[in-house]
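Following: one structure in structure tokens, then a few remarks.
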Protein chains: 2
Amino acid sequence: MNEHLTTSIQDYLKTIYTLTADGGEASTSALASRLGVAPASVTGMLQKLASIEPPLVIYRKHQGATLTRAGERAALEVLRHHRLLETYLVESLGYSWDAVHEEACRLEHVISEDFEQRIAEQLGHPERDPHGSLIPTSTLVMPPSNDVLLSSLRGGESAVVRRMRSEDAITLRRLESLGLVPGAEVTVLVNSQFDGNLTIQVASRQPVAIDPAVSDQVFVETTEGT
Amino acid sequence: MNEHLTTSIQDYLKTIYTLTADGGEASTSALASRLGVAPASVTGMLQKLASIEPPLVIYRKHQGATLTRAGERAALEVLRHHRLLETYLVESLGYSWDAVHEEACRLEHVISEDFEQRIAEQLGHPERDPHGSLIPTSTLVMPPSNDVLLSSLRGGESAVVRRMRSEDAITLRRLESLGLVPGAEVTVLVNSQFDGNLTIQVASRQPVAIDPAVSDQVFVETTEGT
DNA sequence: AAAATTATTTAGGCATTCCTAATTTTTTGC
DNA sequence: GCAAAAAATTAGGAATGCCTAAATAATTTT
Ligand SMILES: [Mn+2]
Ligand SMILES: [Mn+2]
Ligand SMILES: [Mn+2]
Ligand SMILES: [Mn+2]
């Protein structure tokens with residue numbers, strides 16, 4: 001299959017994967033801003049990824065890109081590395097969850113399959129990374145998920161925090177200070193349709209008001225029952 | 001100081017360091033063969049390393065290269081990463097000593113100083129890597145050493161195995177099968193001046209004959225006393 | 001000491017990946 | 001539906017790090 005994909009290509013594929021997770025296409029500008037490169041650079045790379053053999057993306061001029069099956073497998077491989085590494089850094093090396101992203105971003109491209117297997121085993125084949133993101137299996141299958149944004153809950157609904165959208169350190173520290181970490185129980189007391197502000201109660205803490213800047217960063221799974 | 005050195009530059013510096021460890025200059029061809037590139041590529045890189053600010057090597061046309069103080073510091077930084085990583089892979093992830101080199105060679109360029117510190121601490125600030133090579137300190141000082149080649153011992157001399165010259169998997173497995181691992185006690189029963197063959201006894205094993213292909217790979221420290 | 005061999009350097013190029021500036025296409029707002 | 005704005009593409013170029021082939025320098029042989 002694919003001899004070896006460059007770090008740059010792996011980053012493009014990973015980013016296309018996450019941008020198309022909800023079904024659309026990844027636009028040139030979205031990719032450019034996520035990857036920190038100029039839009040012109042993205043166009044050039046997409047053209048290349050679409051014309052190599054086998055093609056890794058399907059690229060429609062002015063429309064955007066999606067992954068082929070080969071591209072998706074490569075993306076899942078990198079994503080598995082990234083998320084296993086983040087978990088390993090937290091569990092075995094004592095990193096905090098807001099410090100692992102950059103380190104994993106560099107390591108993900110250079111670890112061997114042997115390394116991947118060893119840390120997966122040592123961690124007991126975890127299903128999620130420290131931010132709650134699902135880790136693709138060793139056979140490169142992304143486990144199913146049915147989490148929804150905290151901001152989509154109606155007043156009175158309860159849920160369990162599953163994952164954070166962002167890997168940004170400042171955002172993560174803010175969420176943590178609110179108790180919004182994977183596994184936490186949260187109840188929406190009020191969801192104001194006007195401004196999108198929520199009043200929530202996390203675990204048995206005092207109720208707090210949060211705005212969409214927060215509630216759009218947190219994915220939850222609604223709790224069964226009445 | 002140096003913003004960021006590329007992987008390629010780090011490899012050049014590391015290789016120049018080891019080639020000049022015994023005082024000479026690193027030649028173009030020696031570098032080319034160690035790095036697996038064409039001699040012309042080495043010349044180009046040496047010219048560049050000598051003319052950047054601050055210069056990392058001193059390069060004399062047709063003579064070879066040595067490291068400047070800045071180049072040496074950069075080399076020791078990479079070497080510390082490499083050797084700490086090898087130690088970590090063996091101690092914490094169960095790698096065998098003949099499998100760590102390639103993994104460390106890729107990881108050494110991307111780990112952060114934070115990562116370095118964490119594994120150093122977890123390992124108890126080891127002095128040597130799995131092959132017995134000395135690990136530069138966190139202040140980038142290479143500890144002193146007075147080991148000599150096993151092949152230089154005279155008949156009747158005893159010594160402790162300190163380090164292996166090679167990181168090659170096949171060589172390491174051969175040495176291990178002879179019991180020639182760091183810490184092992186070895187006595188030279190006969191050192192034939194003619195062909196360089198030795199008869200040695202490792203620990204309490206049966207004496208065996210080894211040729212220079214083996215005895216030139218092992219550094220030892222001669223034992224005090226009569 | 002000249003010739004032959006070996007080592008090194010120079011010259012010219014190629015692949016990657018990024019950039020800016022100019023142009024074209026698509027979308028938006030009236 | 002058309003003009004303005006936004007998004008995307010093309011064109012041309014720079015930096016890295018490698019290559020081969022040709023030229024030159026150093027070393028070894030005879
Ligand atoms: Mn993998
Ligand atoms: Mn994560
Ligand atoms: Mn370091
Ligand atoms: Mn080693």
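What you see below is based on every heavy atom in this structure, not just the backbone, and it leaves out hydrogens, waters and symmetry mates.
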- Message: Using the side-chain heavy atoms of A:Ala40, tell me which of these nucleotides is nearest: C:dT16, C:dC18, D:dA11.
- Response: D:dA11

- Among the nucleotides C:dT9, C:dC18, C:dT17, whichever has the atom closest to the side chain of A:Thr6 is C:dT17

- Task: Would you tell me if any nitrogen or oxygen in the side chain of A:Lys61 comes within less than 4.0 Å of OP1 or OP2 on D:dT10?
- Result: yes

- Given atom NZ of A:Lys48 and atom C1' of C:dC18, what is their separation to the nearest angstrom? 11 Å

- Scan every strand shown for a Watson-Crick or G-U wobble partner of D:dT30, both distances under 3.5 Å, and answer none if you come up empty. C:dA1

- Which of these nucleotides, D:dC19, D:dT10, D:dG17, is closest to any side-chain atom of B:Ile9? D:dG17

- Query: Does atom CZ of B:Arg174 have more than 12 heavy-atom neighbours from other groups under 6.0 Å away?
  - Reply: no

- Item | Between D:dA15 (C1') and B:Gln47 (CD): distance, integer Å | 17 Å

- Could you check which residues of residues 12-34 of chain B get a heavy atom under 4.0 Å from DNA chain C? Sort them by number, please. B:Ser27, B:Thr28, B:Ser29

- Classify the angle between the aromatic ring planes of B:Phe115 and B:Tyr88 as parallel (below 30°), tilted (30 to 60°) or perpendicular (above 60°). perpendicular

- Message: Mind checking if A:Thr43 touches a base, just sugar-phosphate, or nothing, with heavy atoms under 4.0 Å?
- Response: base

- Separation between OG1 of A:Thr137 and CD of A:Glu127, rounded to the nearest 0.5 Å: 10.0 Å

- Rounded to the nearest angstrom, tell me the gap between atom CG in B:Leu46 and atom P in D:dG17. 13 Å

- Message: Given the ring of A:Phe219, does A:Arg162 sit roughly above its face, with NZ or CZ under 6.0 Å from the centre of the six-membered ring and within 45° of the axis?
- Response: no

- Query: When you measure from the side chain of A:Ala38, which nucleotide among D:dC19, D:dT10, C:dT20 comes out closest?
  - Reply: C:dT20

- Query: Is a side-chain donor or acceptor of B:Ser151 paired with a backbone partner of B:Pro212 at a separation under 3.5 angstrom?
  - Reply: no

- Spacing between B:Tyr59 atom OH and D:dA25 atom P, to the nearest angstrom: 13 Å

- Message: Which nucleotide wins on minimum distance to the side chain of A:His62, given the candidates D:dA25, D:dA8, C:dT16?
- Response: D:dA8

- Quick one: is A:Gln63 getting a side-chain N or O under 4.0 Å of the C:dT25 phosphate, OP1 or OP2? no

- Rounded distance (Å) that lies between atom P of C:dA15 and atom CE of A:Met45: 15 Å

- Task: Select one nucleotide: of D:dC19, D:dT9, C:dT10, the one nearest the side-chain heavy atoms of A:Pro39.
- Result: D:dT9

- Query: Any side-chain heavy atom of A:Gln10 sitting closer than 4.5 Å to one from A:Glu77?
  - Reply: no

- Query: Would B:Arg69 and B:Glu72 pass as an ion pair if we require N to O under 4.0 Å?
  - Reply: yes

- Query: For the pair made of CZ in B:Arg60 and C1' in C:dA7, what is the distance, rounded to whole Å?
  - Reply: 15 Å

- Between D:dA15 (P) and B:Ile52 (CD1): distance, integer Å: 15 Å

- Task: Establish, from distance only, whether the side-chain atoms of B:Thr6 and B:Ser8 form a donor-acceptor pair under 3.5 Å.
- Result: no

- Query: Does OP1 or OP2 of D:dT16 have a side-chain N or O of B:Ser8 closer than 4.0 Å?
  - Reply: no

